[in-house]
Amino acid sequence: MSNITIISNEKNWIEQTAINQLEALANLPGVVQTVGLPDLHAGKSPVGAVVVSEDVIYPHIVGGDIGCGMGLYDTGIESRKFKLDRWVTKLSNIRELADIQTDNPYEEPSPIYDLGTIGGGNHFVEFQVVDKIYDKEVCMALQLDEAMLMLLVHSGSRGYGQSILNTYDNPQGLAADDEQVECYLTEHDNAVLWAARNRKIVVNKLLAYLGYTPRPKKLIDCQHNFIERRGDRFIHRKGAVSAERGPIIIPGSRGSLTYVVEPTKNTAMAAFSLSHGAGRKWARSLCKSRIRNKYDRDTIRQTKLKSRVVCHDTDLLFQEAPEAYKNIDTVIDSLLQFELINVVATLRPVLTYKG
DNA sequence: ATGTAC
C-alpha cells in the first residue's frame with residue numbers, strides 16, 4: 001500500500017468508513033501517495049481526499065462534478081446596505097436560479113446546459129460579511145475590504161462534468177500513455193473553466209435580479225474536484241483544494257463562519273492540498289429523524305448566527321443543517337496544528353440561497 | 001451530484 005497521511009487530531013472525528021475507502025484508493029495500482037484531510041468523509045469515492053498517482057489516472061476518484069469549487073466575490077455593495085427581509089422576499093419569489101434569465105457572455109457556446117444554475121445537494125450561494133481580519137497584509141493583497149458585502153458561490157460543472165466522466169470512466173483507470181488520457185484531461189480542463197465561469201455568471205445575475213448594477217470583483221476562486229498534472233504525477237483532488245494557488249476559502253456550514261486561509265510552504269506532506277469545507281458528519285438519510293423535533297419549517301430557515309436561508313426544499317434543509325456538518329473550527333485547528341495554513345480572515349453568513 | 005438511474 002502507498003503511504004497514507006491523515007491530517008487530523010484527537011478532537012476531529014473521522015468515520016471509519018471514510019478511512020477504509022481511502023485505504024482502498026491507496027491500494028490502487030500506480031498510487032504513490034494518499035492524503036485524508038480533516039474534512040474526510042465517505043462518499044461514492046471519499047471526499048476530502050487526495051490521491052497522487054504515476055503512469056495512470058482514475059477519473060472516478062474526482063467523480064462527476066469536475067471543477068466544482070468555491071468562488072468568493074466582493075459584491076460592490078457595502079455590508080451596511082444589506083437588506084435581509086427585502087432580499088429574502090425577493091429570493092423566495094424564484095423557485096430556482098433557472099427562473100432568472102441567463103446570458104452567456106462568452107464567445108463559445110456553453111457546454112453547460114444549465115448555465116447560471118447552482119444545482120442541488122450541498123451547493124449554495126451565500127451573502128457574507130467580514131467577521132474578523134487576522135492578516136491585514138494578505139487582505140490588502142486580496143483586495144478583501146471589510147466594509148463590503150461578499151457573495152460565496154459553491155457550484156460546479158452541472159451535467160457537463162458528469163457526461164465527461166461517463167465517457168472516460170474505467171475502474172482500472174486510464175494508463176498515462178493511453179490516448180484517451182489527453183482527451184479526458186482536455187475535456188476535464190474545459191469543465192474546470194466553465195464551472196468557474198458558471199459561478200461568476202451566477203453572481204452577476206443574482207445581483208442584477210436584486211436590483212444592483214453588477215460589478216462584482218472576484219477575490220478567490222478555488223476548485224476542489226479536479227486532477228492536476230505535476231511532472232509525471234497526477235494529483236487527484238476530491239473535495240480538496242490546491243495549496244499552491246494563493247489563499248483559499250474553507251466554508252463551515254450555513255450556521256458557522258467561513259475561513260479565508262493562506263497555505264504555508266509545508267504542504268508537501270498533504271500532497272500540496274487543503275480542506276474544502278467542514279465535511280459531512282451525518283448521512284443525508286439520518287438528518288431529518290435526528291433533528292426533526294428541534295425545528296419546524298420556519299426555524300430550519302434561520303441559524304444561530306441570525307442568518308437566513310431561502311430554499312423551497314425543506315427536506316434538503318434538514319440534510320444540509322449545520323448539525324449535519326463537522327465543526328469548522330476543529331477542521332481549521334487540525335490544519336493549523338500541522339502548520340499547513342495561516343488564518344487570514346473569517347466571514348459570517350447573512351443570507352444563503354439553495355436550489 | 002445528477003436538465004435524478006433502475
Side-chain angles (χ1 to χ4, degrees), chain A residues 17-18 21 25 39-49 58-71 94-104 109-126 152-169 171 184 187-188 190-199 201-202 205 222-227 236-241 251 253-254 275-288 309 311-321 324-325 352-355:
Chain A
T17 318
Q21 288 185 336
L25 298 184
D39 50 337
L40 181 71
H41 60 278
K44 205 166 178 180
S45 193
V47 185
Y58 294 100
H60 74 267
I61 294 180
V62 169
D65 199 3
I66 302 165
C68 187
M70 303 279 172
I94 49 166
R95 187 130 200 108
E96 49 181 348
L97 287 177
D99 295 343
I100 311 173
Q101 196 206 317
T102 300
D103 297 312
N104 175 8
S110 170
I112 296 180
Y113 174 87
D114 268 330
L115 192 68
T117 66
I118 55 169
N122 58 2
H123 290 170
F124 62 81
V125 188
E126 190 165 270
L152 178 64
V153 183
H154 176 200
S155 185
S157 54
R158 312 294 280 103
Y160 177 46
Q162 183 65 54
S163 71
I164 298 170
L165 177 64
N166 294 345
T167 305
Y168 296 97
D169 193 20
Y184 169 78
E187 293 213 51
H188 160 285
N190 203 42
V192 170
L193 173 70
W194 278 91
R197 286 179 169 178
N198 189 45
R199 291 188 281 274
I201 287 167
V202 165
K205 76 181 220 181
C222 49
Q223 61 267 36
H224 50 238
N225 293 348
F226 69 111
I227 296 180
H236 304 66
R237 294 191 177 91
K238 171 67 169 181
V241 179
S253 65
R254 65 177 185 256
S275 293
H276 80 312
R280 178 165 280 283
K281 187 171 66 180
W282 296 350
R284 289 179 181 279
S285 54
L286 299 173
C287 296
K288 197 163 187 181
V309 52
C311 175
H312 291 96
D313 183 346
T314 304
D315 282 345
L316 179 60
L317 285 179
F318 278 98
Q319 292 170 20
E320 294 291 321
Y325 284 86
T352 310
Y353 179 85
K354 291 183 66 65

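What you see is a predicted model; the values in this text were computed from it and never measured. Scope of the values below: all heavy atoms of this structure, side chains included, with no hydrogens, waters or symmetry mates. Letters go in sequence order (proteins before strands), and every chain restarts at 1.
Atom-to-atom, NE2 of A/H41 to P of B/dA1 comes out at 7 Å; the value is rounded to the nearest Å. Note: OH (A/Y160) to C1' (B/dT4) measures 21 Å, nearest angstrom. The distance between atom NZ of A/K44 and atom P of B/dT4, rounded to the nearest whole Å, is 15 Å. What separates NZ of A/K354 from P of B/dT2 is a distance of 10 Å, to the nearest Å. In this structure, CG of A/N198 is placed 15 Å from P of B/dA1, rounded to the nearest angstrom. For the pair A/Q162 CD and B/dT4 P, the interatomic distance rounds to 12 Å; values are reported in whole Å. Protein atom NE2 of A/H224 is 8 Å distant from nucleotide atom P of B/dA1, rounded to whole Å. Rounding to whole angstrom units, CD1 of residue A/I164 and P of B/dT2 are separated by 14 Å.
Annotation: A/H154 is not in aromatic contact with A/H276 [ring centroid separation under 6.0 Å not met].
Residues from residues 114-125 of chain A placing a heavy atom under 4.0 Å of any atom in DNA chain B, listed by number, are A/D114, A/G119, A/G120, A/G121, A/N122, A/H123.
With sequence neighbours left out, A/F318 forms a ring-ring contact (aromatic ring centres under 6.0 Å, His included) with no residue at all.
Using modelled atom types and a 3.5 Å distance limit, the side chains of A/D315 and A/Q319 yield no donor-acceptor pair. Between the side chains of A/Q101 and A/D103, a donor-acceptor pair is found at a separation under 3.5 Å.
If you run side chain to side chain donor-acceptor pair (under 3.5 Å) between A/E320 and each of A/R254, A/H123, A/R284, only A/R284 comes through.
The phosphate of B/dT2 (OP1 or OP2) has a side-chain N or O of A/R158 nearer than 4.0 angstrom.
Proximity of A/V47 to A/R280: side-chain heavy atoms (C-beta onward) are nowhere separated by under 4.5 Å.
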